[in-house]
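Proteins get letters first, then strands, A, B, ... in listed order; numbering begins at 1 in each.
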Amino acid sequence: MNNKDFYLEIKHVCKQTGARYGILHTPHGDVEVPMFMPVGTLATVKYLSPDELKELKAGVILSNTYHLWLRPGEDVVANAGGLQNFMKYDGPMLTDSGGFQVFSLSKNRKIEEEGVTFKSHLDGSKLFLSPEKSIDIQNKLGADIIMSLDECAPYPCDYEYMKNSVERTLRWARRGKDAHKNDKQALFGIVQGGEYPDLRKLCAEELVKMDFPGYSIGGTSVGETKEVLYKMLDYTLPYLPKDKPRYLMGVGSYDAILEGVARGVDMFDCVLPTRIARHGALMTSEGRLNIRDKKNEYDLRVIDENCDCYTCKNGYSRSYLRHLYKCDEGYGKRLLSIHNLRFLVKLMEEVRQAIKEDRFGDFKDEFFEKYGLNTTNPRGF
RNA sequence: GGAGGAGUAGCGAAGUGGCCAAACGCGGUUGACUGUAAAUCAAUUCCCAACGGGUUCGGCGGUUCAAAUCCGUCCUCCUCCA
């Protein structure tokens, strides 16, 4: 693709940690990194309008190839002029390749060299997704950033299986790159290799040889502990080029985000903030708050005094939010989702500021101290 | 005044001689959730010094080896007729 359409401009590297602050230029505008990207699988971040996403400064929105392929079909999206125009979100977007569904729908699929055969989770019909097909769909969906089809292997996974899987993922990356036809879209390669240092290194180096405009770290958030996740990062990041964006896939707990940033990750995405919001769990500057708890019944305080989200700013009380939650009202899910997303987006704003001021290491330490992580809630969120 | 019907755990509601501390739903409490098959899932919810024990099915009194379940009586509520 044209370098003028998509590139990472590193503006500052934290002297304490090596964390990077930069501007990611995309065809749909510039975004600052490190950043958190909300997930909108079916061309919508559940319950939120594009206006609300803009207000909370969401930046890049993720969507999903597998799900949009099934419904409404990539041609329907292409007919509307691509994802942004279809869902009326005018910021940058990213589509995942369907690689995660190779993992999450594992009971209904079969992996072969040519591609993956899925049994549709909707009607059971037989579907076949290849690296070329995934890229073709993503070309039609039209996101700014697209992903290679990979195998997101389970955890734990034995060495032999992982080695074969990595080699196949590399062949798929090559095939996807050759099939990629839309030069307005940046195709990222995905590093797999589980917890095996040599496989992570091999995968990263081989992908770098293919020269992608950005690199993802995959095979994470599949049940491994935080310690293993950090090892995976340590085994991968040193082999990725400094001038290209690095995207840690599926990570959204705030401790893992901070550890990722410290290691040089630029992009994160996760369903966690929106999903747990729908399930009544909120991220606050004092840790987790379960809105459904009876202790909130008469509590007129907002979720978090330090939050500037729409929900907190407008004084929606815990009492009211609990009421909406218990009545299963959609507006409650919306208000809670807005809060959690804004919490993470704002956290990233603070992260960037700290990097610019060469104090990200201190910021991270203070944050962990303040939030009491690794004590009551070792996994964070 | 007469005739029917009903009273079961916080609420609703099954159960109508032993397998009943009593289904199920709601409510309550607690976990979980990480490139979204997720407005989901799991545990727990009479009391206690708890892999055991104690007290329950409107009240009281009976029958029985055994009662939420059968009998008597009282109380309360509902419907219909006067």
Please set out all donor-acceptor pairs under 3.5 angstrom arising from side-chain atoms of residues 193-206 of chain A, sequence neighbours excluded.
residue, atom, partner, partner atom, Å
Y196(A), OH, C157(A), O, 2.6
Y196(A), OH, Y159(A), N, 3.3
D198(A), OD2, Y159(A), OH, 2.4
R200(A), NE, G194(A), O, 2.7
R200(A), NH1, V191(A), O, 2.9
R200(A), NH1, G218(A), O, 3.1
R200(A), NH2, G194(A), O, 3.3
R200(A), NH2, G218(A), O, 2.9
K201(A), NZ, E205(A), OE2, 3.4
E206(A), OE2, K209(A), NZ, 2.8

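- In the set rU36(B), rA32(B), rA39(B), the nucleotide with an atom closest to the side chain of H67(A) is rU36(B).
- When the P atom is used for both rU63(B) and rG72(B), the distance is 15 Å, rounded to whole Å.
- A gap of 14 Å separates the C1' atoms of rA9(B) and rC26(B), to the nearest Å.
- Applying the Watson-Crick and G-U wobble criteria (two distances, each under 3.5 Å), rA42(B) pairs with rU30(B).
- Two residues are said to be in side-chain contact when any heavy atoms from C-beta on lie closer than 4.5 Å; V222(A) and F103(A) meet this criterion.
- Counting any heavy atom pair closer than 4.0 Å across all strands shown, D269(A) reaches sugar-phosphate atoms only and no base atom.
- Counting non-hydrogen atoms of other residues, nucleotides and ligands closer than 6.0 Å to CD of E286(A) gives a total of 12 or fewer.
- Of the residues in residues 107-127 of chain A, those lying under 4.0 Å from RNA chain B by heavy-atom distance are N108(A), H121(A).
- The listed nucleotides are rA37(B), rA39(B), rG35(B); the one nearest the side chain of C270(A) is rG35(B).
- Pairing partner, rG1(B): rC81(B), with both Watson-Crick or wobble hydrogen-bond distances short of 3.5 Å.
- Comparing rC71(B) with rA67(B), their P atoms sit 15 Å apart, to the nearest whole Å.
- Protein atom CZ of R275(A) is 15 Å distant from nucleotide atom P of rA32(B), rounded to whole Å.
- Here G280(A) lies out of heavy-atom contact (under 4.0 Å) with every strand.
- For rC70(B) and rU16(B), the P atoms lie 10 Å apart once the distance is rounded to whole Å.
- When the nucleotides rA37(B), rU30(B), rG35(B) are ranked by their closest atom to the side chain of R292(A), rU30(B) comes out on top.
- Atom NZ of K57(A) has 12 or fewer heavy atoms from other residues, nucleotides or ligands within 6.0 Å.
- Taking a pair to require two hydrogen-bonding distances under 3.5 Å in either a Watson-Crick or a G-U wobble arrangement, rA66(B) remains unpaired.
- The base of rA39(B) sits within donor-acceptor range of the side chain of Y47(A), with an N or O pair under 3.5 Å.
- Evaluation of atom-type donor-acceptor distances gives a pair under 3.5 Å for the side chain of D150(A) against the base of rG35(B).
- As a whole-Å value, the separation of L289(A) CG from rC33(B) P is 17 Å.
- Nucleic acid contact class of L105(A) (heavy atoms, under 4.0 Å, all strands): base.
- With both ends at atom P, the span from rC81(B) to rA13(B) equals 25 Å, rounded to whole Å.
- If you check rG27(B), rC33(B), rA38(B) against the side chain of L272(A), the one that comes closest is rC33(B).
- Applying the 4.0 Å criterion to OP1 and OP2 of rG35(B), one finds that Q101(A) has every side-chain N and O outside that range.
- Protein atom CD1 of I276(A) is 18 Å distant from nucleotide atom P of rC41(B), rounded to whole Å.
- The partner of rC24(B) is rG12(B), by the rule that a Watson-Crick or G-U pair needs both atom distances under 3.5 Å.
- Searching all strands for a Watson-Crick or G-U wobble partner of rU56(B) with both distances below 3.5 Å returns nothing.
- Ring orientation note: the planes of Y254(A) and F343(A) are tilted relative to one another, at an angle of 30° to 60°.
- Counted within 6.0 Å of NZ on K231(A), heavy atoms from surrounding residues, nucleotides or ligands total 12 or fewer; the atom is thus considered open.
- Distances shorter than 4.0 Å separate some side-chain N or O of N290(A) from OP1 or OP2 on rG31(B).
- Taking atom CZ on F100(A) and atom P on rC33(B), their separation rounds to 13 Å, with Å as the unit.
- Look at CZ on F103(A): it is 12 Å from C1' on rU36(B), rounded to the nearest Å.
- Take the nearest nucleotide of RNA chain B for V45(A) and for H279(A): the residue whose nucleotide is more 5' is H279(A).
- rC20(B) and rA68(B): their P atoms are spaced 12 Å apart (whole Å).
- Among the protein residues, S216(A) comes within range of no part of the nucleic acid, since none of its heavy atoms lies under 4.0 Å from any strand.
- When both distances must be under 3.5 Å, the Watson-Crick or G-U wobble mate of rU76(B) is rA6(B).
- Rounded to a whole Å, the NZ atom of K333(A) is 7 Å from the P atom of rU40(B).
- Under a cut-off of 6.0 angstrom, the local environment of NZ in K242(A) is sparse, with at most 12 non-hydrogen atoms contributed by other residues, nucleotides or ligands.
- For the pair N85(A) (side chain) and A80(A) (backbone), a donor-acceptor distance under 3.5 Å is present.
- The gap from the P atom of rC47(B) to that of rG10(B) amounts to 9 Å, rounded to the nearest Å.
- With rounding to whole Å, N296(A) atom CG is found 16 Å from rG27(B) atom P.
- In this structure a side-chain-to-backbone donor-acceptor pair under 3.5 Å is present from D158(A) to Y161(A).
- Distance noted for atom C1' between rG53(B) and rG58(B): 27 Å (whole Å).
- Aromatic ring centroids of H12(A) and F360(A) lie 6.0 Å or more apart.
- Within 6.0 Å of the CZ atom in R71(A), the count of heavy atoms belonging to other residues, nucleotides or ligands does not exceed 12.
- Using a 4.0 Å heavy-atom cutoff across all strands shown, E297(A) reaches no nucleic acid atom at all.
- The side chain of K46(A) approaches rA39(B) more closely than any other nucleotide in the set rU30(B), rA39(B), rG28(B).
- Spacing between atom CH2 of W69(A) and atom C1' of rA37(B) amounts to 15 Å, rounded to whole angstrom units.
- Listed pair S104(A) / rA37(B) meets the phosphate criterion, a side-chain N or O lying under 4.0 Å from OP1 or OP2.
- Among the nucleotides rA32(B), rG35(B), rU40(B), the one closest to any side-chain atom of V271(A) is rG35(B).
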